[in-house]
Amino acid sequence: MTNEWCGWREATERALYGPDEGFYTRPGGPGPAGHFRTSVHASPLYAGAVATLLCRVDAALGHPGELALVDVGAGRGELLTGVLAALPAEVAARLRPYAVERAARPEGLDARIDWRRELPAPGSVTGLLFANEWLDNVPVDLVETDPDGVPRRVLVRADGTERLGEPVDGADAEWLRRWWAPAAGGTAPSPGLRAEIGRPRDEAWARAVGTLRAGLAVAADYAHERDDRPPFGTLTGFRDGREVPPVPDGSCDLTAHVALDACAGPSAVRLTQRAALHALGVDGRRPPLALAATDPSGYVRALGAAGAAAELTDPAGLGGFGWLLEPVGTACAGLLR
């Protein structure tokens, strides 16, 4: 890895997705599941909920002859594998599953899954596009306000050393003013404020939604709101299940929370994961104790499912994630009411 100064967006792109040394693309790497726990890895209930949502999309679209499920940021294909197992046979028979992932196709993956590095062509698929913890790994630049309160790009080297660069200008400055105002500078200097410029994520999400001819696009991710942006940003690293300093040398994941409100199109709806999964039939209520007397094995299974559901919907954990739902066409509006 080069140790020259560059912006965090360039450094993150190289550290995560470099062809031979990227954290996600390194040959033989364990994939996301080897370093952190997402909703997909927490319980098969999550894939079951996505399967339920896909069936609702299918019904709303009138059961098309080919139904797409596009998994953006597919990891090692765990979500698609779980959804395929949970779908009714009639729906699975019409499904065209796409895994969009820059890492190589895993060995032994279901042959039905179309593995590709890039999104399908614009307007080419009908169905559900689902992006679980993808946008937080779309590289962005960082800014920090200098002693005069002027927002400047943060430059970084591969060893994690930082310094301030040129003032932010153009479209990035406009994005800051609209979506992360405290770090955009103003009449009262506030040195040391940091922000992540989310414009590349807005554009990435718009491209993803644009692949749909008709259907529903969903992004599930760490998120924050315009009126409650963290004053020092959220960039961090993960490795081997632990949070670590964000060093762009390919040794760790680099992630930052997503301004989903900036990504959202005019027809989009935002929910918490807790609310979304409840609407899809996932909740953490314990089974009735009477079941233990009549069906002990069933009670144990139900108790385990309740525990898994509680983890997925915990408002202080995974349940606090944001879900951004963007229908394409009118048929799939309101499917989680």
Side-chain angles (χ1 to χ4, degrees), residues 4-16 131 133-157 160-210 219-237 243 245-248 253-272 320-324 326:
E4 297 176 356
W5 294 104
C6 64
W8 266 102
R9 183 180 180 186
E10 179 183 339
T12 301
E13 175 69 26
R14 185 169 58 239
L16 295 184
E133 294 195 39
W134 167 56
L135 287 172
D136 67 285
N137 285 132
V138 172
V140 293
D141 273 317
L142 271 65
V143 301
E144 180 177 322
T145 52
D146 67 14
D148 296 320
V150 176
R152 294 179 176 271
R153 297 186 187 278
V154 178
L155 304 181
V156 65
R157 295 195 300 197
T161 307
E162 292 183 338
R163 74 179 188 194
L164 296 187
E166 294 298 314
V168 179
D169 58 7
D172 286 344
E174 177 57 34
W175 190 93
L176 276 179
R177 283 191 290 270
R178 181 177 180 186
W179 295 109
W180 206 315
T187 55
S190 298
L193 299 180
R194 288 170 72 107
E196 295 104 25
I197 300 175
R199 195 165 61 87
R201 294 170 173 178
D202 301 351
E203 295 168 353
W205 179 243
R207 287 194 299 273
V209 174
D221 230 310
Y222 305 94
H224 43 54
E225 300 289 324
R226 177 166 49 185
D227 294 335
D228 194 29
R229 304 286 189 222
F232 306 111
T234 62
L235 179 70
T236 191
E243 189 170 7
V247 177
D253 180 34
L254 298 171
T255 176
H257 289 35
V258 183
L260 285 178
D261 48 355
C263 295
S267 62
V269 173
R270 286 179 290 124
L271 302 171
T272 64
F321 274 36
W323 275 40
L324 173 63
E326 194 151 344

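None of these values were measured; they are calculated from a predicted model.
- Within the 4.5 Å cutoff, no side-chain heavy atoms of P230 are placed close to those of H257.
- Between V143 and L176, the closest side-chain pair of non-hydrogen atoms falls below 4.5 Å.
- Among all heavy-atom pairs drawn from A219 and L260, the shortest one is CB-CD2, 4.5 Å.
- Between R201 and E196, none of the side-chain N atoms (NZ, or NE/NH1/NH2) sits under 4.0 Å from a carboxylate O, so this pair counts as no salt bridge.
- In terms of the salt bridge (Lys or Arg N to Asp or Glu O under 4.0 Å) criterion, residue partners of R177 (sequence neighbours excluded) are, by chain and number, E174.
- Take R152 and apply the salt bridge (Lys or Arg N to Asp or Glu O under 4.0 Å) test, not counting sequence neighbours, and it matches D146.
- Annotation: side chain of V140 is not in contact with side chain of R9 (no heavy-atom distance under 4.5 Å).
- With rounding to the nearest 0.5 Å, the separation of CZ in R163 from CG in L155 is 5.5 Å.
- In this structure, P139 and E10 have side chains that are not in contact, with every pair of non-hydrogen atoms separated by 4.5 Å or more.
- Using a 4.5 Å heavy-atom cutoff, the side chains of W8 and L235 are in contact.
- The main-chain N or O of G192 is found under 3.5 Å from a side-chain atom of T145 such that the two form a donor-acceptor pair.
- With no hydrogens or angles considered, a side-chain donor-acceptor pair links W175 and D202 at under 3.5 Å.
- Using a cutoff of 4.0 Å between basic side-chain nitrogens and carboxylate oxygens, R194 and E144 are scored as salt-bridged.
- Once rounded to the nearest 0.5 Å, the distance linking CZ of R199 with CH2 of W179 reads 14.0 Å.
- Residues A195 and A183 share a closest heavy-atom pair of CB-CB, 3.7 Å.
- The shortest side-chain heavy-atom distance between V258 and V138 does not fall under the 4.5 Å cut-off.
- None of T234, D136, N137 except one satisfies the side chain to side chain donor-acceptor pair (under 3.5 Å) rule with T255; the exception is D136.
- Residues R153 and D172 meet the side-chain proximity criterion, which asks for heavy atoms closer than 4.5 Å.
- Ion pairing between a basic and an acidic side chain is recognised when a charged N comes within 4.0 Å of a carboxylate O; R226 and D261 show no such pairing.
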| said: Walk me through whether L164 and V154 qualify under side-chain contact (heavy atoms from CB on, under 4.5 Å). | reply: CA-CA 5 Å; L164 296 187; V154 178; 4.1 Å; yes
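- Using the six-membered ring where Trp is involved, W180 and H224 have ring planes that are perpendicular, over 60° apart on the 30 and 60° scheme.
- Residue C263 comes nearest to W205 through the heavy atom pair O-CD1, 3.5 Å, listed as atom of the first residue, atom of the second, then distance.
- Going from atom OG1 of T272 over to atom CH2 of W323 covers 10.0 Å, rounded to the nearest 0.5 Å.
- Annotation: side chain of E133 is in contact with side chain of Y222 (closest heavy-atom distance under 4.5 Å).
- Between atom CZ of residue R14 and atom CG of residue L16 there is a gap of 11.0 Å, rounded to the nearest 0.5 Å.
- The two atoms that bring A15 and L254 nearest to each other are CB-CD1, 4.0 Å, heavy atoms only.
- Closest of all the heavy-atom pairs between L324 and A264 is CD1-CB, 3.5 Å.
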